[in-house]
Amino acid sequence: MGLRISNTLSGRKDEFIPSGETVSMYVCGMTPKFHPHVGHARLFVAVDVMRRIFEYRGYRVRHVQNFTDIDDKTIARAQAEGITPEEVARKYTESYFESMASLNVLPAHEYPTVTGVMSRIVDYVQGLVDKGFAYVVEGDVWFEVGKFPDYGQLSKRTEESGMVGVRKDLEPGKRDPRDFALWKSAKPGEPSWPSPWGEGRPGWHIECSTMVRETLGDQIDVHAGGQDLIFPHHENEIAQSEAYTGCRPFARYWPHVGLVMTDNEKMAHSLMNFTTIHDVLGKYDPAAVRLYLLQVHYRAPMAFSEDGLVSATRSIRTLKLAYGGSDEPTEGECPEAAALLVRFDELVEDDFNTPGALGVLFDTAHEVNRGAANVPETAALRAALRTMVGVLGLPLDVEAPSNSSSAAPFIDLLVETRSALRVERQWAMSDRLRDRLAELGVILEDSPRGTAWRFSEDRT
RNA sequence: GGCGACGUAGCCAAGUGGUUAAGGCGGAGGUCUGCAAAACCUCUAUCCAGGGGUUCGAAUCCCCUCGUCGCCUCCA
């Protein structure tokens with residue numbers, strides 16, 4: 001059975017049938033107006049896993065992800081920080097890349113920006129005007145929803161049912177409450193770009209339609225984003241694109257990633273209730289963070305919790321132990337390893353079921369840790385585990401930062417001293433050292449090869 | 001009000017028609033260890049928000065109720 005993907009457009013889980021040799025995937029990226037938070041991390045890790053699974057299943061993928069580098073919020077942030085909107089965008093775009101590199105998120109093949117495609121956006125808006133889908137009112141350009149009969153196909157809203165709650169006070173010149181801005185005339189002091197309708201800047205949705213067309217073409221395979229973008233953003237994107245190109249569906253598969261919740265509301269910059277990825281990575285192993293994010297199916301809402309991160313930190317150890325063993329040459333067949341991989345493949349193909357797949361990883365890790373002496377099977381099992389870890393993108397190769405602490409030389413010294421005491425069989429003294437270190441958050445592990453230490457994950 | 005997502009053990013979470021309901025964390029016991037830690041082994045949901053219904057058979061399909069969240073447009 002092949003890959004199946006939940007598709008907001010069809011309202012079902014659909015079998016994935018590629019349109020060509022390469023899977024085209026567009027992801028609504030972030031507005032770089034502050035450091036990315038855990039909600040962003042979840043979205044981009046989820047999308048990263050989708051891409052890795054496509055590639056694992058033998059597809060080539062072309063992944064494009066935008067930055068909305070100019071909008072009301074970047075302008076507001078620029079004023080707050082006393083820098084230009086460009087500087088805001090640059091600063092937080094860098095922050096984005098840092099966080100994503102730590103989480104082992106593969107870079108997209110292309111990162112278009114609004115400012116980078118401005119002239120194409122103007123052309124696109126002009127095209128919609130020419131085709132009769134948009135009208136101009138005093139420097140503003142509006143998309144006329146009434147001209148596009150399929151409006152609401154993604155969000156399942158109809159004019160009668162879902163639109164009743166929209167604002168009643170129309171902006172000047174707007175013909176229908178549902179109409180939305182393609183181009184907004186500049187207010188004094190705002191950044192603006194020239195257009196046939198005067199100085200202004202693009203509306204919120206048009207940049208994505210333009211960028212998709214510029215980078216991937218008139219129809220794409222996969223369009224992903226957060227669940228909060230279904231309406232109006234993705235709905236409007238579809239309207240613009242299908243009106244412009246006449247090609248439908250604009251995107252064939254629409255997987256939407258559930259939101260990260262904190263205190264029973266979505267984590268969002270605008271709600272001031274977020275935890276940045278940077279902060280989380282300061283306290284937790286990146287592999288644990290990624291594991292934590294993949295432990296919930298991407299479509300379900302996810303409650304952010306430190307307990308979950310602590311739990312994931314403990315879990316990751318089992319995986320690391322099995323993953324990091326020395327390499328023995330693999331010889332012969334290992335039916336058990338093959339069976340585990342089959343289980344893994346089936347789960348991963350079924351709408352990117354990472355929580356289910358992680359169950360297989362732990363089963364595999366236990367098999368490896370159990371049979372460390374049984375060389376051929378262990379090698380095959382470990383190879384299978386490495387394959388799975390690669391598909392999920394868990395950064396198990398990366399050392400947790402603990403041993404690079406500035407306290408490390410002193411802890412090493414204490415451990416060394418204790419080892420000497422142990423040789424003398426001075427148990428009372430050596431145990432006291434171990435207990436005192438434990439109180440300070442340093443855990444000692446004795447083995448025939450010597451004594452290793454690590455920081456407790458519970459330290460605050 | 002409309003549309004959508006969700007409600008499975010102490011916590012997190014797979015499973016969406018059929019033998020014993022994955023896995024992780026936590027907990028209990030054991031092996032190992034000078035004692036620990038780590039690792040490994042065993043145990044830890046007669047039951048899937050509640051109530052009806054369909055079926056030989058449902059956590060899984062249908063209806064209703066309750067609860068949580070998201071979206072409802074140039075955005076606080």
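In what follows, every chain begins at residue 1, and chains take the letters A, B, ... in the order their sequences are listed.
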| message | Are rG24(B) and F362(A) stacked, with the base six-membered ring and the side-chain ring centres under 5.5 Å apart and planes under 30°? | response |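 Base of rG24(B): not stacked against F362(A).
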May I ask you to say what [X] touches in the nucleic acid, namely base, sugar-phosphate or nothing, with a heavy-atom cut-off under 4.0 Å?
X: I230(A); answer: nothing
X: K13(A); answer: nothing
X: T318(A); answer: sugar-phosphate
X: P301(A); answer: sugar-phosphate
X: H297(A); answer: sugar-phosphate
X: K266(A); answer: sugar-phosphate

Taking the [atom1] atom in each of [N] and [M], what is the distance between them to the nearest angstrom?
N: rU42(B); M: rA22(B); atom1: P; value: 14 Å
N: rA14(B); M: rU54(B); atom1: P; value: 31 Å
N: rU46(B); M: rA39(B); atom1: C1'; value: 33 Å
N: rG4(B); M: rC62(B); atom1: P; value: 13 Å
N: rC25(B); M: rC6(B); atom1: P; value: 27 Å
N: rA49(B); M: rA9(B); atom1: P; value: 8 Å

| task | Decide whether a cation-pi geometry holds between R386(A) and Y323(A); the criteria are a distance under 6.0 Å from NZ or CZ to the six-membered ring centre and an angle within 45° of the ring axis. | result |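 So R386(A) does make the cation-pi contact.
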| Hey, is the side chain of R314(A) poking within less than 4.0 Å of OP1 or OP2 on rG24(B), counting only N and O atoms? |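 Checking rG24(B) against R314(A), no side-chain N or O comes under 4.0 Å of OP1 or OP2.
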| said: If you compare every side-chain N and O of S270(A) against the phosphate oxygens of rC75(B) (OP1, OP2), does one of them come in below 4.0 Å? | reply: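 Negative; the distance criterion is not met.
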| query | Would you call K33(A) and D72(A) a salt bridge, using N to O less than 4.0 angstrom? | reply |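 Salt bridge absent between K33(A) and D72(A).
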| Side chain S209(A), main chain I206(A), donor-acceptor under 3.5 Å |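 Answer holds: no.
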